[in-house]
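This report refers to the structure that appears directly beneath it.
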Amino acid sequence: MTNVTRQQEQSPSSKIITAEWCDRPSVQVAPDLIGCTLARQMADGSIIDAVIVETEAYAPADPACHAYRGPSKRNAAMFGPPGHSYVYLIYGLYHCLNVVTEPVGIGSAVLIRALALNTVPPALDPKYTPKPHRIAAGPGKLCRTLNIDRQLDGLPYHPDSGLWLAHRQTPLAATDIVQTTRIGISQAVEKPWRWYLKGSPAVSKKATKTAVSNA
DNA sequence: CCTCGGATCCTT
DNA sequence: AGGATCCGAGGT
């Protein structure tokens with residue numbers, strides 16, 4: 001914890017993202033998160049921080065959204081306060097990390113799909129890292145790299161949680177963000193609710209392949 | 001209960 | 001194109 005405090009003092013330009021900032025529709029928050037920082041304090045106390053380079057929005061009336069059919073044990077965090085996490089298990093072996101948006105009672109969130117790491121974690125199995133810049137290029141991969149699982153479900157994004165968000169340190173032009181359709185879903189496939197940082201080598205594989213729009 | 005399939009990823 | 005591997009949702 002003292003490490004975290006010191007780190008914040010050293011980087012006054014990295015302003016923490018608040019719950020209020022996340023209290024908007026997910027389709028607004030998702031593109032705004034591109035270029036922002038996700039930070040994670042690991043078990044050994046070290047801090048990994050990374051630039052968010054790919055996001056997807058999931059909305060209350062969206063059939064692809066886990067909250068579409070109302071609250072359940074799994075998706076409870078989506079109906080909780082904005083600026084908290086929603087972490088779930090997918091395909092029995094990967095986890096996915098979301099930022100909850102909109103007020104309590106409204107089920108919406110932004111899926112973090114890919115990160116460009118500023119610091120490379122020391123003890124990561126080399127067999128998972130043939131290419132260092134792709135270590136977090138996908139929603140399941142980034143959770144594996146940052147050691148994120150359901151223990152972190154429903155926590156506020158805050159240094160005290162060991163997981164937090166910070167605003168962009170430099171402005172990003174709208175033309176640097178590409179908007180396309182979402183990945184891996186079978187419902188509402190036409191909604192253009194995926195955004196990624198143009199030219200980033202860390203966007204997920206399918207995203208690079210499917211890349212269209214903007215120019 | 002039982003079955004189906006999923007906001008994935010890696011290997012054939 | 002298929003397997004790993006768990007569990008929630010929805011129907012019987």
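What you are looking at is a predicted structure, and each value in this text was computed from that prediction instead of being measured. Reminder, nothing fancy here: chain letters follow the sequence lines and each chain counts from 1.
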Contacts of A57(A) that satisfy side chain to side chain contact (heavy atoms under 4.5 Å, CB included) - sequence neighbours left out: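 If we apply the side chain to side chain contact (heavy atoms under 4.5 Å, CB included) test to A57(A), skipping adjacent residues, the hits are S26(A), V27(A), A30(A), W193(A), W195(A).
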
Check side chain to side chain contact (heavy atoms under 4.5 Å, CB included) between I17(A) and all other residues, then give those that pass, not counting sequence neighbours.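 I17(A) satisfies side chain to side chain contact (heavy atoms under 4.5 Å, CB included) with W21(A), C22(A), L33(A), C36(A), L165(A), H167(A) once adjacent residues are dropped.
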
Calculate, to the nearest 0.5 Å, the distance between atoms CG and CD1 belonging to L172(A) and I177(A) respectively.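 Taking CG in L172(A) and CD1 in I177(A), the distance rounds to 4.5 Å.
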
Please enumerate all residues that pass salt bridge (charged side-chain N to carboxylate O under 4.0 Å, His left out) together with [X], with sequence neighbours excluded.
X       : answer
R150(A) : none
D23(A)  : none
D32(A)  : R24(A)

Rounded distance in Å - [atom1] ([X]) to [atom2] ([N]):
X       : N      : atom1 : atom2 : result
R113(A) : dA7(B) : CZ    : P     : 11 Å
N98(A)  : dG6(B) : CG    : P     : 17 Å
I185(A) : dG5(B) : CD1   : P     : 17 Å
R144(A) : dA4(C) : CZ    : P     : 18 Å
K205(A) : dA7(B) : NZ    : C1'   : 19 Å
E54(A)  : dA7(B) : CD    : P     : 15 Å
Q187(A) : dG5(B) : CD    : P     : 12 Å
L97(A)  : dT8(B) : CG    : P     : 14 Å

E190(A), CD: over 12 other non-hydrogen atoms inside 6.0 angstrom: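 Atom CD in E190(A) is packed in, count exceeds 12.
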
Does the protein touch nucleotides 5-12 of chain C at the base, only the backbone, or not at all? Give it as B, S and - per nucleotide, heavy atoms under 4.0 Å. BBSSSS--

Which residue pairs pass the ring-ring contact (aromatic ring centres under 6.0 Å, His included) test when at least one of the two sits in residues 90-120 of chain A, sequence neighbours left out?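 Sorted result for residues 90-120 of chain A: empty, none.
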
Taking side chain to side chain donor-acceptor pair (under 3.5 Å) as the definition, give me every residue that meets it alongside R182(A), ordered by chain and number, with sequence neighbours left out.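 Once residues adjacent in sequence are excluded, the partners of R182(A) under the side chain to side chain donor-acceptor pair (under 3.5 Å) criterion are D62(A).
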
Taking atom P in both dT5(C) and dC2(B), what distance in whole Å separates the two?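 It works out to 23 Å between them.
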
Show me, range against range, the stems involving DNA chain B, built from at least 3 consecutive Watson-Crick or G-U pairs below 3.5 Å.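 Consecutive-pair runs (3 or more) involving DNA chain B: B:1-6 with C:6-11, B:8-11 with C:1-4.
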
Side-chain N or O of S186(A) versus OP1/OP2 of dG6(B): is the shortest distance under 4.0 Å?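 Affirmative; the distance criterion is met.
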
K141(A) side chain, from C-beta outward: closest of dC10(B), dA7(B), dT8(B):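 Nearest to the side-chain atoms of K141(A), counting from C-beta on, is dC10(B).
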
Mind checking if L111(A) touches a base, just sugar-phosphate, or nothing, with heavy atoms under 4.0 Å?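 Contact class for L111(A): base.
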
So what does R182(A) touch, heavy atoms closer than 4.0 Å: a base, only the sugar-phosphate, or nothing?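 R182(A): no heavy atom of the nucleic acid under 4.0 Å.
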
